[in-house]
Amino acid sequence: VVGAAQKSAAIFDLLQNMLADQNPITKTIDLKTPSVYYLIVKEKASNIGSTLMNGYGKFDLPDYCDLINYDPNSVAVDSIYKRLNLFDPEDLNNCTNKILAVRATILIASPSLHNGNNETKIGGSTTVGLAFCDYNNTKIEIKKASKPLTMWIPKDLGLKASLIGAYQYIDAVSQNISNDTQFLPNTFYKRAQNSSIQIYLKPIDTQLAYFVCIKLGDTPRYNRTFSSVDHYQVFCPSDSVLQNASNESLFYYFLGSDDVRSFRGNVGLGIQELSDEDFYEYCELRNKSGMPTIRANITFTNNFWLRILSPGCYYADYASGLWKSNDLTVMSASNELFTQCQSYHLTDFSGGYELMPVRVNFEYVWANASIERNPIIYITLIVMLSLFVLSTIWARYMDRVDFAKIGVAPLPDNQPGDEFFYEVIVFTGSRAEAGTDSRVFVKLAGELDETKFRRLHDTKRKVFRRGAIDSFILTAPK
């Protein structure tokens, strides 16, 4: 994998060098194909725009001097510009006057690298790359810029419909909420360490307000004597945002890498619909500090839709053959179409995502599993269990009846001294009333002798039933 990735990177570099050689200064090469997009600009550093590649993807760049961490005091020749900490416009060696070839790429398919310690789906994203080369097309290494660059990495277009429709319907009205928790509890599992959390809450009634809180590694709780919440956010009707990708109005809660602190594991999510008193305090007075009022019998007046995503930002380390996320930050503008990332170095970047379904919170289930709260459920379970036990007993009885029908029955009047054995097989028809309870006799006759009439009988089971096949052993002295 490492060798293949390095060869692919070398081929792209060679192709870009060939295009850059044919590109005069101030001219732009813009090449688009179904699988790759190249943008090559040769220009003085001071004339390079702050935004590149509007369209498939986008880079927001700081000044080139900030990218290379340029220090004017490092210039050996003393001048009035150096003393004033300014760039000399006549000095062709300073960073603003450098002639650069800026090479930007978008690959529809991500390079085949291992995912390292990251567990998000990098395969659902395109790959964007940015590089600066000098006038001789020698790549300028940018490993630690003084200011970050921001990029918008397009997701696979096939993901748009699946992510937009990935909401879970939460039946909150019918839930019984414990007074000890004060929240409708949910749980999801965050797999990747260096990813963020995006919570989308789409209310059915847009005039309602919600309190949303997060607890890493546990269920959020809040009562008169105890509070266990890491992060929280109040959403009033005026706080709804319009998602351009889905053209929907909803509440959006973003927790970045600084908030989740590289956490990996179960994340507790608590949601409460605000009461009239809290609505007045939070939404009308706009005082959003502090937790909501503790009250008994927490209820919801309407249901809502919920979606939780965990986007991540990654860069290609071709030396090790791994996707890594060191020093990359996921930004809050990430959505169904793009992953917004921030970086202090340049290479090839890709976005990852994980759609996290809400898990069953068994702690909440057992806390609310009393018969008083769930009589219909318990009655249904008892009836179903009783029917299952009765059907099992009946099935076992019928198995024994069927087993008794299997086998060959020796006739009761067989004599121990008989030397010849005959098997008599009787087929009873399947038509109505084909069976009989009458006594049935048989006689074996040959050219020299015959037996007496012998009754076909089985002491252990009834014979000659409708559709049955009965076998008997008849013995004779000769």
Side-chain angles (χ1 to χ4, degrees), residues 155 159-177 181-188 196-215 220 222 229 231-256 259 267-311 331-338 340 353 355-359 361 364:
K155 288 186 172 71
L159 290 176
K160 176 182 177 181
S162 62
L163 291 179
I164 290 177
Y167 284 91
Q168 289 182 279
Y169 182 74
I170 306 299
D171 183 10
V173 175
S174 62
Q175 302 297 318
N176 295 317
I177 301 175
T181 62
Q182 294 286 303
F183 307 116
L184 176 65
N186 298 279
T187 303
F188 58 90
S196 61
I197 296 175
Q198 293 176 311
I199 299 173
Y200 299 84
L201 193 154
K202 185 167 58 173
I204 295 178
D205 185 351
T206 57
Q207 298 305 311
L208 296 177
Y210 293 90
F211 182 91
V212 179
C213 58
I214 289 290
K215 177 63 178 177
Y222 174 58
V229 173
H231 307 280
Y232 68 86
Q233 180 71 40
V234 176
F235 293 108
C236 297
S238 59
D239 296 325
S240 63
V241 296
L242 181 65
Q243 286 293 107
N244 294 328
S246 59
N247 197 29
E248 294 177 315
S249 181
L250 45 81
F251 297 128
Y252 173 57
Y253 188 20
F254 177 80
L255 293 173
D259 299 316
V267 179
L269 169 64
I271 302 174
Q272 182 190 112
E273 181 183 314
L274 293 186
S275 63
D276 293 339
E277 295 81 2
D278 288 330
F279 187 96
Y280 178 78
E281 179 72 19
Y282 285 121
C283 301
E284 296 186 14
L285 298 181
R286 307 303 295 176
N287 180 16
K288 292 190 176 183
S289 62
M291 304 288 283
T293 304
I294 296 176
R295 66 184 193 272
N297 302 320
I298 304 295
T299 59
F300 283 77
T301 61
N302 216 322
N303 301 321
F304 54 88
W305 297 84
L306 184 66
R307 182 183 67 184
I308 305 172
L309 296 177
S310 180
M331 307 300 289
S332 61
S334 301
N335 56 26
E336 296 95 338
L337 299 180
F338 297 91
Q340 186 190 25
Y353 83 98
L355 178 62
M356 297 181 289
V358 176
R359 292 187 167 191
N361 190 324
Y364 172 77

Can you check whether [X] reaches [Y] side chain to side chain, under 4.5 Å on heavy atoms?
X	Y	value
P220	V229	yes
L184	L269	no
P237	Y210	no
Y200	V241	no

Over all atoms of both residues, closest heavy-atom pair of [X] and [Y]:
X	Y	result
L250	L201	CB-O, 3.5 Å
F254	S196	CE1-OG, 3.5 Å
F300	A172	CG-CB, 3.5 Å

Point to revise | Atom OH of Y280 with >12 non-hydrogen neighbours under 6.0 angstrom | key: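 Open.
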
Review point. Are I199 and I214 close enough, and set up right, to give a side-chain contact (heavy atoms from CB on, under 4.5 Å), and what steps lead you there?
Key: CA-CA 10 Å; I199 299 173; I214 289 290; 3.7 Å; yes

Separation of [Y] [atom2] from [X] [atom1] (nearest 0.5 Å):
X	Y	atom1	atom2	result
Y222	I294	OH	CD1	4.0 Å
Q207	S240	CD	OG	9.0 Å
I308	N186	CD1	CG	6.5 Å

Check your understanding: Judged by modelled atom types alone, do T301 and E273 share a side-chain donor-acceptor pair under 3.5 Å?
Key ->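 Yes, E273 and T301 have a side-chain donor paired with an acceptor closer than 3.5 Å.
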
Check your understanding: Y282 and N287: side-chain donor and acceptor closer than 3.5 Å?
Key ->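 Not at all, the side chains of Y282 and N287 share no donor-acceptor pair under 3.5 Å.
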
Output yes when a side-chain donor or acceptor of [X] lies under 3.5 Å from a complementary backbone atom of [Y], and no otherwise.
X	Y	value
N303	V173	yes
Q340	A333	yes
D278	P292	no
K155	F338	yes
K202	Y167	no
E281	E277	no

Review point. So which of D259, L255, L309 actually passes side chain to side chain contact (heavy atoms under 4.5 Å, CB included) with I197?
Key: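 Of the listed options, the one satisfying the test is L255.
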
**Study point:** From CA spacing to verdict: side-chain contact (heavy atoms from CB on, under 4.5 Å), Q198, S310
**Key:** CA-CA 6 Å; Q198 293 176 311; S310 180; over 6 Å; no

Exercise for review: Not counting sequence neighbours, which residues clear side-chain contact (heavy atoms from CB on, under 4.5 Å) with Q233? List them please.
Suggested key: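 With neighbours one apart ignored, the set is F235, Y253.
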
Review point. Considering residues at least two apart in sequence or located in another chain, which fulfil the salt bridge (charged side-chain N to carboxylate O under 4.0 Å, His left out) criterion with D205?
Key: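 Checked D205 against salt bridge (charged side-chain N to carboxylate O under 4.0 Å, His left out); zero matches.
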
Review point. Would you call D239-R286 a salt bridge at under 4.0 Å N-O?
Key: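 Looking at D239 and R286, the cut-off is met.
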
Review point. Do C213 and H231 pass the side-chain contact (heavy atoms from CB on, under 4.5 Å) test, and can you show the C-alpha distance, the side-chain angles, and the key distance before you say yes or no?
Key: CA-CA 6 Å; C213 58; H231 307 280; over 6 Å; no

Review point. What's the verdict on side-chain contact (heavy atoms from CB on, under 4.5 Å) for M291 and Q272, showing C-alpha distance, side-chain angles and the deciding distance?
Key: CA-CA 11 Å; M291 304 288 283; Q272 182 190 112; over 6 Å; no

Exercise for review: Walk me through it: do Y232 and F211 pass the test ring-ring contact (aromatic ring centres under 6.0 Å, His included)?
Suggested key: CA-CA 7 Å; Y232 68 86; F211 182 91; 5.3 Å; yes

Check your understanding: F304 and F251: aromatic ring centres closer than 6.0 Å?
Key ->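 No, the ring of F304 stays outside the 6.0 Å limit from the ring of F251, centre to centre.
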
